[in-house]
Amino acid sequence: MLHIKERYFHSSIRSKEATKNILMSFVARGISMVCSLLIVPVTISYVNPTRYGIWLTLSSIIGWILLFDFGLGNGLRNRFAEAMAVDNKELAKQYVSTTYFALGLIMLVFFLILFFINRFISWPTILNIDNSYSEELRQVFAIVSFFFCTSLVVNLFSTILTADQKPGLSAILGAVGQFFSLLIIYFLTLTSEGSLLNMALYYSGVPMLVTLIASIFGFGFTRYKVFRPDLNSVRKGLVRSVISLGIKFFIICVSMIFIFQMMNIIISRELGPNAVTEYNIAFKYFNILTTIILIIVTPFWSAFTDAYQKKDYQWMENSVKKLETVWLLSCIMALIMIVLSNLFYRVWVGDDLDVNVSTTISIAIYVTLYNLAQIYMFMINGIGTVRIQLTIFLVFALVAWPIMTLLCRWQGLPGIVVVPSIVVLLQAVFGKIQIGKVIHCQATGIWLK
């Protein structure tokens, strides 16, 4: 009886923490969403639609750098949550210190490599644009590479907050960073000529600076000072523990590059930079739904780690049902957004940019399926049994580029989202089966790897 009461007590606390952080995240992500929407017309008016399309393509390439942490961020997320689940704060501190040291070293080497090879990259050739952009893009790449590499290390503090089942605080940091980026770029539109260099500097630098300040304060003056990284707590043996799980996330992320992040490059090469802008306008619009889903599911990653460690399968099953209900409601919202899309586009970015109805519908379908897959993948990621989703991503990564290129030539923007839609549909189907097996203690073999 005591065991049952204790499990119920922990389940109740876990649910309350999830609810509190969902509410905090809604406020913070709501601010981030508004900033994200407002920054589009601001940046387009600042650098014009063509340059904005170039920026989107280049920044998506540079964004791949965020995946080259060899899974250390996600590995820390799970290992920190596991240590906290058994109340081993010393082990949690060692994981934090080891990950900061390892990732800092990796990013230093990685930035030096990027800085060197940037001198020999022909960005106009890669993006299929005029050679007049060559020197400007080389400078932009150097600036954003530095800030993105630095951000990978600095953002580990946000990872710790999320692993400690406080993603609401992490979301607040993101919102503050985006707000100040918007404010500064808007100020630039009033005081200077359009410049990709300025936009890169402030768009990528400001959020990193905000998180850096928060990290220094958090490790110095809050309850997280007990986890403050130091060299004495670095343990070489723990690198393998973090990477053994993190490398799976790393392979998943690299595979996702070839499925999702290559889309901007393919669109730019096949249809031109303006088509990249059209695609991203529609995607950002429906990304509102993804943001809402992520706000709700993010607390469940580390909560599932905690529940799985404590074998609280009943709480896990109840959570799955609630999240599936949320997804069904999001489908209704997607239909409403399709109906209102043209009006929203006109109010948002004006009449200078036309988004085709077929583009809107195809992206709405893709985003809806993606959101369903995210629900199951977040729960599975929390448990750490990611072999199946890794396999699906890896198989499609090998064939994504040629198939998406052919479909883009054949059907334009709607064609390019077919492959990603199939991928996330498969992830959703297999994810539902796998999480069901885990909850009912029927998972064996690949279902538990």
Side-chain angles (χ1 to χ4, degrees), residues 32 35-36 39 55-56 58-77 80 95-119 121 137-163 169-185 195-220 224 227-231 234 239 242-243 246 249-250 253-254 257 261:
S32 294
C35 291
S36 178
I39 208 167
W55 161 254
L56 288 171
L58 184 64
S59 61
S60 69
I61 294 173
I62 299 170
W64 301 345
I65 297 170
L66 293 172
L67 304 177
F68 283 89
D69 67 344
F70 297 95
L72 287 172
N74 284 327
L76 172 63
R77 183 173 179 173
F80 184 91
Y95 274 125
V96 170
S97 299
T98 302
T99 305
Y100 264 97
F101 177 79
L103 188 56
L105 187 61
I106 290 170
M107 285 302 104
L108 176 60
V109 173
F110 199 67
F111 172 71
L112 292 175
I113 293 172
L114 288 173
F115 187 79
F116 176 75
I117 66 173
N118 184 40
R119 299 165 55 191
I121 296 175
L137 291 182
R138 188 171 286 116
Q139 293 174 359
V140 169
F141 183 82
I143 290 171
V144 181
S145 293
F146 170 76
F147 283 121
F148 274 34
C149 285
T150 307
S151 293
L152 267 176
V153 181
V154 171
N155 285 341
L156 286 177
F157 182 69
S158 293
T159 300
I160 293 167
L161 292 175
T162 304
L169 294 177
S170 177
I172 289 173
L173 289 182
V176 173
Q178 281 199 299
F179 173 76
F180 280 108
S181 289
L182 171 63
L183 203 63
I184 292 173
I185 292 176
S195 166
L196 279 175
L197 203 62
N198 283 339
M199 194 170 78
L201 182 64
Y202 295 107
Y203 193 90
S204 55
V206 172
M208 185 280 294
L209 186 61
V210 168
T211 308
L212 176 61
I213 294 171
S215 300
I216 294 171
F217 178 80
F219 283 131
Y224 292 101
F227 305 116
R228 182 171 53 215
D230 62 67
L231 288 176
V234 173
V239 175
V242 175
I243 287 184
F249 289 118
F250 172 69
C253 289
V254 172
I257 286 178
Q261 298 299 323

Participant: Compare every heavy atom of Ser158 with every heavy atom of Ser170, then report the nearest pair and how far apart it is.
Facilitator: OG-CB, 3.3 Å
Participant: Of Leu156, Leu103, Thr98, which meets side-chain contact (heavy atoms from CB on, under 4.5 Å) against Leu72?
Facilitator: Leu103
Participant: To the closest 0.5 Å, what do you measure between CG (Leu76) and OH (Tyr100)?
Facilitator: 8.5 Å
Participant: Could you walk me through whether Ile143 and Phe147 pass the side chain to side chain contact (heavy atoms under 4.5 Å, CB included) check?
Facilitator: CA-CA 7 Å; Ile143 290 171; Phe147 283 121; 3.8 Å; yes
Participant: How many angstroms lie between OG in Ser215 and CG in Leu161, if you round to the nearest 0.5 Å?
Facilitator: 8.5 Å
Participant: Heavy-atom distance under 4.5 Å between the side chains of Thr159 and Thr99, does that happen here?
Facilitator: no
Participant: Pick from Phe80, Tyr95, Phe219: which one makes a ring pair (Phe, Tyr, Trp, His ring centres under 6.0 Å) with Phe227?
Facilitator: Phe80
Participant: For residues 200-213, dump all side-chain donor-acceptor pairs below 3.5 Å to protein atoms at least two apart in sequence or in another chain.
Facilitator:
residue : atom : partner : partner atom : Å
Ser204  : OG   : Ala200  : O            : 2.4
Thr211  : OG1  : Pro207  : O            : 3.1

Participant: Any chance you could measure Ile121, atom CD1, to Leu114, atom CG, to the nearest 0.5 Å?
Facilitator: 7.5 Å
Participant: Nearest 0.5 Å, please: how far is SG in Cys149 from CZ in Phe110?
Facilitator: 6.5 Å
Participant: Could I get the full list of salt bridge (charged side-chain N to carboxylate O under 4.0 Å, His left out) partners for Arg228, not counting sequence neighbours?
Facilitator: none
Participant: Below 3.5 Å, can you tabulate the donor-acceptor pairs from side chains in residues 176-185 to any protein atom, sequence neighbours excluded?
Facilitator:
residue : atom : partner : partner atom : Å
Gln178  : OE1  : Ser32   : OG           : 3.3
Ser181  : OG   : Gly177  : O            : 3.1

Participant: Out of the candidates Val96, Leu231, Asp230, Val153, only one should pair with Phe101 under the side-chain contact (heavy atoms from CB on, under 4.5 Å) rule; please name it.
Facilitator: Leu231
Participant: Is there a side-chain contact between Phe111 and Thr150, using heavy atoms and a 4.5 Å cut-off?
Facilitator: no
